[in-house]
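Following: one structure in structure tokens, then a few remarks.
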There are 2 protein chains.
Amino acid sequence: MARRRGSHSDITGPKIREAALRLIAQHGCAAVSMRKIAEDVGLQVGALYNYTPDKQSLLFDLMETHMVDLLAELGKLPALDGPIEQLDQFVRFHITYHLPRRDEVFVSYMELRNLSPENFERIQALRSQYEGALEAILEAGEASDDFTFTDRHITTLSIIAQLTGITNWYREDGRLTIDEVATIYCDLIQRSVASAQA
Amino acid sequence: MARRRGSHSDITGPKIREAALRLIAQHGCAAVSMRKIAEDVGLQVGALYNYTPDKQSLLFDLMETHMVDLLAELGKLPALDGPIEQLDQFVRFHITYHLPRRDEVFVSYMELRNLSPENFERIQALRSQYEGALEAILEAGEASDDFTFTDRHITTLSIIAQLTGITNWYREDGRLTIDEVATIYCDLIQRSVASAQA
DNA sequence: AAGCTAACTGAACAAGCGTTCATTTGCCAA
DNA sequence: TTGGCAAATGAACGCTTGTTCAGTTAGCTT
């Protein structure tokens, strides 16, 4: 066989995805044309269609990849015993995973409304899986009397929002390292759910 | 004088703003054309330009109006004595003001990147003012030993993110009233900043 | 009733959009 | 060295975009 798919494709494919991710995060999906993505990579528009059937699929692929990768990494965490330790682990994982991936997070949250209904549902399902992991920790903590809250599900969503909000203000060259931010949030969140000390 | 500005203008102006806000919140600024806004109101495109010089100004106006109104309402709150009461008041105000204004909140947060640099700065300044009000409460609570946290500014941003996230999942026809949500969040947030009991 | 003018129409503008495809390029296997 | 095919080009498609503007409509003021 001569010239299998992959000689340039291995390089160009990821380059397109990287450019698309960066540009869409910056300007929004509807504001970034296929031509601008191609220009950023150094191609003509037509070439993009060797890598994606259409713009919608490209957007969906970026979002799905992010969510799948996130869940895969979450699954690799070592199992811990107590809910308090598990909550710390989750919070720290969320922060250290998300902060170096600002573009992915931005796109995955802001471009949901530009997905077709079926694509939207698939991303939502992945997101629910992630939220479910946190809610399970809260449930365990409730059972062991480590945690107390008025409404478990809302507490889950509250914590997720709190954590995801970090990507809106965190700057790598700011005064805090990712680890310091993680420590601050572990403290805030543990206190917000901790049962009153006996 | 005959036919002063205002005979139809009083009605059409707000109708355009309402339609623009709703459509932009739903689809994003770049995805909503001036023609779609006009169609929604029942006009031809050209008529819109009697009310806004261009699309950018329309978007900015929607965002600025929201922020200015928000700050005005915040300013009307009765002054309370203790930081704990002030924090409760702020949280409850944020929730009751924002939840019935989902479109405004959505647009004000998601369309920041579609603003020109100078318009962006003006909105950011208004937002900082709002965050400053919360930070002042936290500062007072720190001084009175009611509150304890690792980093005051980050705690401020964290609480704002936590509160603003509510608009992403709250549904008017859901199982909780706005007041119930407010109570849950007052509890969560108070516990996350409260000093250990003596 | 008449006339003024705010409000709106409808057509036009150049530019840009997503997508398609016949054609060219250039690397690799033979 | 040559043939084959993946990869990229470049032009074209019909359509939509934001914005402008000369002209039409209609309601208030006199």
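Predicted model, so just to flag it, every value in this text is computed and none were measured. Lettering follows sequence order; numbering is per chain, from 1.
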Quickly work out the B:L43 CG to D:dT25 P distance and round it to whole Å. 17 Å
Treating primed atoms plus P, OP1 and OP2 as sugar-phosphate and everything else as base, which nucleotides of nucleotides 15-24 of chain D get B, S or - for protein heavy atoms under 4.0 Å? --BBBBB---
Please report, rounded to the nearest Å, how far the C1' atom of D:dA7 is from the NZ atom of A:K15. 13 Å
In whole Å, what is the span from the CG atom of A:L48 to the P atom of D:dA8? 10 Å
List for me each residue that meets salt bridge (Lys or Arg N to Asp or Glu O under 4.0 Å) alongside A:D187, sequence neighbours excluded, and say none if there are none. A:R191
What residues form a ring-ring contact (aromatic ring centres under 6.0 Å, His included) with A:Y130, not counting sequence neighbours? A:F90, A:H94
Please tabulate, one pair per line, all N/O donor-acceptor pairs under 3.5 Å involving side-chain atoms of residues 135-142 of chain B, not counting sequence neighbours.
| residue | atom | partner | partner atom | Å |
| --- | --- | --- | --- | --- |
| B:E135 | OE1 | B:H153 | ND1 | 2.9 |
| B:E142 | OE1 | B:R152 | NE | 3.1 |

Mind checking side chain to side chain donor-acceptor pair (under 3.5 Å) for B:D179 and listing every partner two or more places apart, or none if nothing turns up? none
B:R122 to B:F120 six-membered ring, cation-pi geometry met (6.0 Å, 45°): no
Using whole Å, report how far CD1 of B:I11 lies from P of C:dA6. 17 Å
The correct set of residues in residues 16-27 of chain B placing a heavy atom under 4.0 Å from DNA chain C is none
Take atom CD of A:Q44 and atom C1' of C:dT24, then tell me their distance rounded to the nearest Å. 13 Å
Quick one: is D:dA7 close enough that its OP1 or OP2 comes under 4.0 Å of any side-chain N or O from A:T12? no
Please, which pairs that meet side chain to side chain donor-acceptor pair (under 3.5 Å) have at least one residue in residues 31-47 of chain A, sequence neighbours excluded? A:R22-A:D40
Using atom CG of B:D10 as one end and atom C1' of D:dG27 as the other, report the distance to the nearest whole Å. 14 Å
Tell me, which pairs form a side chain to side chain donor-acceptor pair (under 3.5 Å) where one or both residues lie in residues 74-87 of chain A, sequence neighbours left out? A:E73-A:K76
Does B:Q56 have any side chain to side chain donor-acceptor pair (under 3.5 Å) partners at least two apart in sequence or in another chain, and if so, which? B:N119
Mind calculating the distance between OH (B:Y51) and C1' (C:dA7) to the nearest angstrom? 6 Å
